[in-house]
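Structure record follows, encoded as structure tokens.
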Amino acid sequence: MTLLQVEGLKVDINADDAPMPILKGLDLEVKPGEVHAIMGPNGSGKSTLANVLAGRPGYRVTQGSIRLDGDSLLDLAPEERAQRGLFLAFQYPVEIPGVSNMEFLKASLDSLAKARGEQQPAAAAVIGEARELANSLDLDPSFLKRGVNEGFSGGEKKRNEIMQLLLLKPKLAVLDETDSGLDIDALQTVSEGVNRFRREDRGVVLITHYQRLLEHIVPDYVHVLAEGRIIQSGDKDLALELEAKGYAWLT
Amino acid sequence: MTMSTVDELVEAGNDYQAGFITDVESETLPPGLDEEVVRFISQKKGEPDWLTTWRLEALQGWQAMQEPKWAHVHYPPIDFQAISYYSAPKSQQEGPKSLDEVDPEILRTYEKLGIPLHEQAALAGVVNPDADAGRQVAVDVVFDSVSITTTFKSRLKEAGVIFCPISEAVHSHPELVQKYLGSVISKQDNFYAALNSAVFSDGSFVYIPKGVRCPMELSTYFRINERNTGQFERTLIIADEGSHVSYLEGCTAPMRDENQLHAAVVELVALGDAEIKYSTVQNWYPGDADGKGGIYNFVTKRGLCAGPRSKISWTQVETGSAITWKYPSVVLRGDHSVGEFYSVALTNNRQQADTGTKMIHMGKHTKSTIVSKGISAGNSENCYRGLVRVSPTAAHARNFTQCDSLLIGDTCGAHTFPYIENKNNSATLEHEASTSKVSDDQLFACQQRGIDTEKAVGMIVNGFCKEVFRELPMEFAVEAGKLLEVSLEGAVG
Ligand SMILES: Nc1ncnc2c1ncn2[C@@H]1O[C@H](COP(=O)(O)OP(=O)(O)O)[C@@H](O)[C@H]1O
Ligand SMILES: [Mg+2]
């Protein structure tokens, strides 16, 4: 069974009131247990893909389909997609002042549990797990009390995304340039987090610019996104080739 | 963490929850206001001559006054002769009774509203089940123009605390009432205060004797039921030297298409070293989404820190009313006295709020704090108006003011009018202000974690109000959080 199936996806963006095509027929298939890296030049549409998967407003799907576990996501609200197990780690995590990380995590877990007809987790258990995760990601436990991403450094914001990933345990994680702006140590920590998330029943779409992340998180497949399509797919060696030659030889 | 309450809310549906009408037979005066009406009300309550005269003087003053027009609110002219100035359930004509004698229909009203009139019950519906189960709140309930019942009277009496309807205090403690009534807000203070002084119906009276810490929270619950009646309650709280009291006030009204007038007066007096904490959760009917109906909430509230080191703290959560015009203030007369104002004012749909405070520094080393959180959604208008006045006598006075506005959507308005009059250059005055917006990115970030937009907005708004909610007694903090969320339903697409 396929976890994520994207077929012939065409997406417009509403730029200055005139629709501008960004994705022009994209196919992607992720099976449970697999990690797919998506690489590509700046502005090639990687974030667009991530956002469209998550149902962010501002994009228009003009053709094609997106299925998670066989069900179409296109008519679902963003929270419904999340409730079905899709997680997006944001390229630019937003600050939510006044709402503590802990409160946010609990609200998230409660909403997910409720939508799935499961029992809401006990607050004490959530706090315990969150503390442990914060610790493993080198986040000071006091972060849990602070506003969501409020005053966090770039690296802290990214680590916070991974912490949410590990706590919420989705089926499919889409990580949008989680490695950008991280120093070597932080990259190591974040990668360990992602590797911890990997499991035979979970999938990962790893959007990145840099081959170095793939030394830590070894992907099953590497795809090159350019001009709105996947123009090349291969295994981890493709990333090395891209590192050596750049993207120009492909386009 | 109050997250579980959020779910209840979302399930609770999207209407004003307190909007039902109680079917009781009432004795209601025909509309109109003149000397006869004032005499009727005074006579109905068997008041002494001095009070009748006091009311009549207030009426004369009112007749010579103009409605204030300076607030940032808009509404068609009010016909004060089309309002009835007295309404009471027939069953209550002999004044407050024991619970057994109260009309069951009225008891059910309070049951539905979650206000327990039986002393063994905690403040259900307003209560956090995790809170100390032994914690009790004494309640005075005012239904239209009369007080229905007051709970825990005997427990309070043992402590020397007087907590009763003001109509009763006029008879049982005339010396206190005569001494303090109108002592903070004179009977001709302003148009609505004068109107209230002429026709005030009922409300609560509290006296805490010297050195006594009131053994429980006191609260009054106001309910407007009858059509076309105004509610003009009057509350008077006196904290004698070294005493302490925390008082809560809640209010609701049925949904009706016409606007109804509520013009209350609340006077607080804190003598030396005394402390009064006054909390309000105001949830009068706000009108429908198109601005039809709702309460006009034109209220005068003022506290006097009469003695040294006294403290008066106002905390308000204003979510209801079509129009709110309200400036709970503190006159800091005693040296080293402290005044506080913590406010959350939320407007949605077509609501208008013009609210804030006045801190009048007269004594030396007086200190005031103002924290105002305005939330505007829909097509509403939300305005903070505050005055900090430092008199020449108020050496070393300090004020800190923080005014924050949060906008939800593009069609609402937020305005801030901070006035400062400083006549003493040893004063320290600080002012901070901010305006922020709930962004689409924030909402999407919440949605991506499974949280729907309504809940997300509720969470963001609750976070924005934290500093004020912290000041509320626990039960009210929970209630207030819920109310905000209900009031915001439909605020985001
Ligand atoms: N909100 C927007 N308005 C207009 N153009 C946009 C917007 N977001 C992205 N774009 C454009 O869409 C293209 C793809 O962007 P994006 O998906 O962010 O690329 P990537 O993540 O691969 O760098 C770029 O040309 C970018 O300028
Ligand atoms: Mg991008």
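Values below: all heavy atoms of this structure, side chains included; hydrogens, waters and symmetry mates excluded. This one's a predicted model, so the numbers in the text were calculated from it and none came from an experiment. Order of the sequence lines fixes the chain letters, A, B, ..., with proteins taken first and strands second; residue numbering starts at 1 for each chain.
- Formation of a donor-acceptor pair under 3.5 Å by the B:Thr369 side chain with backbone atoms of B:Glu340 is not found in this model.
- Of the atoms belonging to A:Ala54, heavy atoms from both backbone and side chain fall under 4.5 Å from chain B.
- Atom CG of B:Asn382 and atom OG of B:Ser372 lie 7.5 Å apart (nearest 0.5 Å).
- By number of non-hydrogen pairs under 4.5 angstrom with chain B, the leading residue of A:Val94, A:Val148, A:Leu112, A:Leu88 is A:Leu88.
- Contact annotation for residues 150-179 of chain A against chain B (heavy-atom separation below 4.5 Å, listed by residue number): A:Glu161, A:Gln164, A:Leu168.
- A donor-acceptor pair is defined here as one N or O able to donate and one able to accept, closer than 3.5 Å; no such pair exists between the side chain of A:Asn101 and the backbone of A:Lys145.
- With rounding to the nearest 0.5 Å, the separation of CD1 in B:Ile375 from SG in B:Cys465 is 3.5 Å.
- Under a 3.5 Å cut-off, the side chain of B:Lys466 and the backbone N or O of A:Gly98 do form a donor-acceptor pair.
- With values rounded to the nearest 0.5 angstrom, A:Tyr59 atom OH is found 4.5 Å from A:Thr48 atom OG1.
- Panel note: side chain B:Thr401, backbone B:His431; no donor-acceptor pair is recorded below 3.5 Å.
- The greatest number of non-hydrogen atom pairs below 4.5 Å with chain A, out of B:Val461, B:Ile451, B:Ile460, is found for B:Ile451.
- Of the possible polar contacts, one joining the B:Asp452 side chain to the B:Glu454 backbone as a donor-acceptor pair under 3.5 Å is found.
- For B:Lys326, the salt bridge (Lys or Arg N to Asp or Glu O under 4.0 Å) partners are B:Glu318, not counting sequence neighbours.
- Note on ring orientation: taking the six-membered ring where Trp is involved, the planes of B:Phe444 and A:Phe90 are perpendicular (angle over 60°, cut-offs 30° and 60°).
- Most heavy-atom pairs under 4.5 Å with chain A: of the set B:Gln448, B:Gln447, B:Arg449, this distinction falls to B:Arg449.
- Taking every heavy atom of both residues into account, A:Ile96 and A:Phe104 meet most closely at CD1-CE1, 4.0 Å.
- For chain B, no part of A:Tyr92 is nearby; none of its heavy atoms comes within less than 4.5 Å.
- Contacts between residues 73-86 of chain A and chain B, counted as heavy-atom pairs separated by less than 4.5 Å, involve A:Pro78, A:Glu79, A:Ala82, A:Gln83, A:Leu86.
- Partners of B:Phe341 under the ring pair (Phe, Tyr, Trp, His ring centres under 6.0 Å) rule, at least two apart in sequence or in another chain, do not exist in this structure.
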